[in-house]
There are 2 protein chains.
Amino acid sequence: MKVRRIVVNKAERQRRLVRFLESDPFLTDEDLSQILRVSIQTIRLDRFELKIPEFKERVLTVAKNPGLSPRTLSSGELVGEMVDLEVGSSGISILTVTPEMALSKTSYIRGHHLFAQANSLAVAAIDAEIALTGIARVTFKRPVSCGEKVLARALIKLKKGNKYMVKVTSYVKDEVVFVGRFLIFAVTEEAIPQ
Amino acid sequence: MKVRRIVVNKAERQRRLVRFLESDPFLTDEDLSQILRVSIQTIRLDRFELKIPEFKERVLTVAKNPGLSPRTLSSGELVGEMVDLEVGSSGISILTVTPEMALSKTSYIRGHHLFAQANSLAVAAIDAEIALTGIARVTFKRPVSCGEKVLARALIKLKKGNKYMVKVTSYVKDEVVFVGRFLIFAVTEEAIPQ
DNA sequence: CTGTTTTTGGTACCTGGTACTAATTATATT
DNA sequence: AATATAATTAGTACCAGGTACCAAAAACAG
């Protein structure tokens, strides 16, 4: 039997799954199914094949072995939690909406949190020491409420010299809540004053 | 009203409950109900009165504690300080740039802080209980550094039903650093689910 | 014996799973 | 093109450890 293309995809997906969980053990099967764009059943099959324990177990392990926790690529620079980053091409981050992000009169969060997540992800995806946003065009498709998890995907659409066009789409479950197009400039270290 | 015997028991039980959870946060309500010889409902009542979160939350807190919650954006309703507001027509706010808004490699602040100031000002300028941003088109004219004061001016350009077009221009001294156009929707209280 | 507090019981619902079966889709081989 | 096989998805029943709510029972004070 020859190696099938789908098998390659499966192995690659499983490698990615392991990477994601190593960098962030707090991802649920649902998060992973959204990140990897497969059904939740597939994630469970993968986890089973890879002998990766369930969410509760992972959290317990981290909680009971404080020294072990590798913690996320939470660079502090980023709004949200980076779960994947292929510098120069794409990135994914997850933002868990907390009550203090919301407007007092509703449970809806203020738009600039979604913007911040998308903008910082877009900037992080650029392969440059320093990147600054020049122009952005964003659309808030529907309000986001407390407790929801926002998954943002960034994709570099175009690179021209030091200019990048990055498109970010943010989802809650499978619903698009935000779309943004960012024109970002890479800045060389020498160009910075002082 | 005199102190009842049962009240004493209750207070004592709650003190013991706290002690047990302090020494072992991984006790479930069922464990506690067996330790303290009361029903599980009583334990839940006690936890509620003592504002002690549930098992899952406790485990998550312990697991995530190593260096978390870096606080990204101000938690107030408005980003920046409102210095003038004519509801329904215009507004001005001032944002003093602090070092934690900056990228580590430069003194430049990340664009989403300017966006947040402009967006929250635009929303505040609308004469409505609740307003949500629909579309925004923003331009970052030049980077802003630590220590600078950003003055944002919002002007309602157009009102059509519940839709508003607000233009925000932000300055450092007399220099324009940011321009944004926001399409904002006023929402009536009844339209919000729950 | 009555009124109030405290405790208990029960239901419906939630998340993040396990365990299992069956159907569907994709791909490879004949 | 038909078929075998791998991979994926869908669906069900069940579990722990809860939340939220309501009603009933028990404990106790006056």
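All values derive from a computational prediction rather than experimental measurement. Just so it is clear: chains get the letters A, B, ... in the order the sequence lines come, proteins before strands, and each one is counted from 1.
- At the phosphate of D:dT8, OP1 or OP2 sits under 4.0 Å from a side-chain N or O atom of A:Arg13.
- At least one side-chain nitrogen or oxygen of A:Ser39 sits closer than 4.0 Å to the OP1 or OP2 atom of D:dT9.
- With respect to B:Arg15 and B:Glu12, a salt bridge is recorded, a charged nitrogen being found less than 4.0 Å from a carboxylate O.
- Note on ring orientation: taking the six-membered ring where Trp is involved, the planes of B:Phe140 and B:Phe178 are perpendicular (angle over 60°, cut-offs 30° and 60°).
- One atom, CD1 of B:Ile40, and another, C1' of D:dG17, lie 8 Å apart when rounded to the nearest Å.
- Here C:dT8 presents its P atom at 14 Å from CG of B:Leu32, a figure rounded to the nearest Å.
- Ion pairing of A:Arg19 with A:Asp84 is present here, as a side-chain N (NZ or NE/NH1/NH2) and a carboxylate O approach within less than 4.0 Å.
- Between the P atom of D:dA7 and the CG atom of A:Asn9 lies a distance of 11 Å, rounded to the nearest Å.
- D:dG18 atom P lies 9 Å from atom CG of B:Asp31, rounded to whole Å.
- The CD-C1' distance, from A:Gln34 to C:dT15, rounds to 14 Å in whole Å.
- The CD1 atom of B:Ile43 sits 16 Å away from the P atom of C:dT6 (whole-angstrom rounding).
- Of the candidate nucleotides C:dG16, D:dG18, D:dT8, D:dG18 has the atom lying nearest to any side-chain atom of B:Arg44.
- Atom-to-atom, CG of A:Asp46 to C1' of D:dT8 comes out at 10 Å; the value is rounded to the nearest Å.
- OP1 and OP2 of C:dG16 both lie 4.0 Å or more from every side-chain N or O belonging to A:Thr28.
- Between A:Arg58 and C:dG16, a side-chain N or O to OP1/OP2 separation shorter than 4.0 Å is absent.
- Contact check, B:Lys10 against C:dT6: a side-chain N or O comes under 4.0 Å of OP1 or OP2.
- B:Asp29 has its CG atom 15 Å from the C1' atom of C:dT7, to the nearest Å.
- Comparing D:dT19, C:dG17, D:dT9 by their closest approach to the side chain of B:Glu54 singles out D:dT19.
- Comparing atom distances between the B:Val38 side chain and each of D:dT8, D:dG17, C:dT8 picks out C:dT8 as nearest.
- Within 4.0 Å (heavy atoms only), A:Leu45 reaches at least one base atom of the nucleic acid.
- Note on B:Arg47: only backbone sugar-phosphate atoms sit closer than 4.0 angstrom, heavy atoms only; bases stay farther off.
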Take A:Leu27 and A:Ile35, measure what side chain to side chain contact (heavy atoms under 4.5 Å, CB included) needs, and give me the verdict at the end.
CA-CA 10 Å; A:Leu27 294 168; A:Ile35 293 168; 4.2 Å; yes
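- Ion pairing between a basic and an acidic side chain is recognised when a charged N comes within 4.0 Å of a carboxylate O; B:Arg142 and B:Glu148 show such pairing.
- If you check distances only, the side chain of B:Gln41 does reach the base of C:dG9 with a donor-acceptor pair under 3.5 Å.
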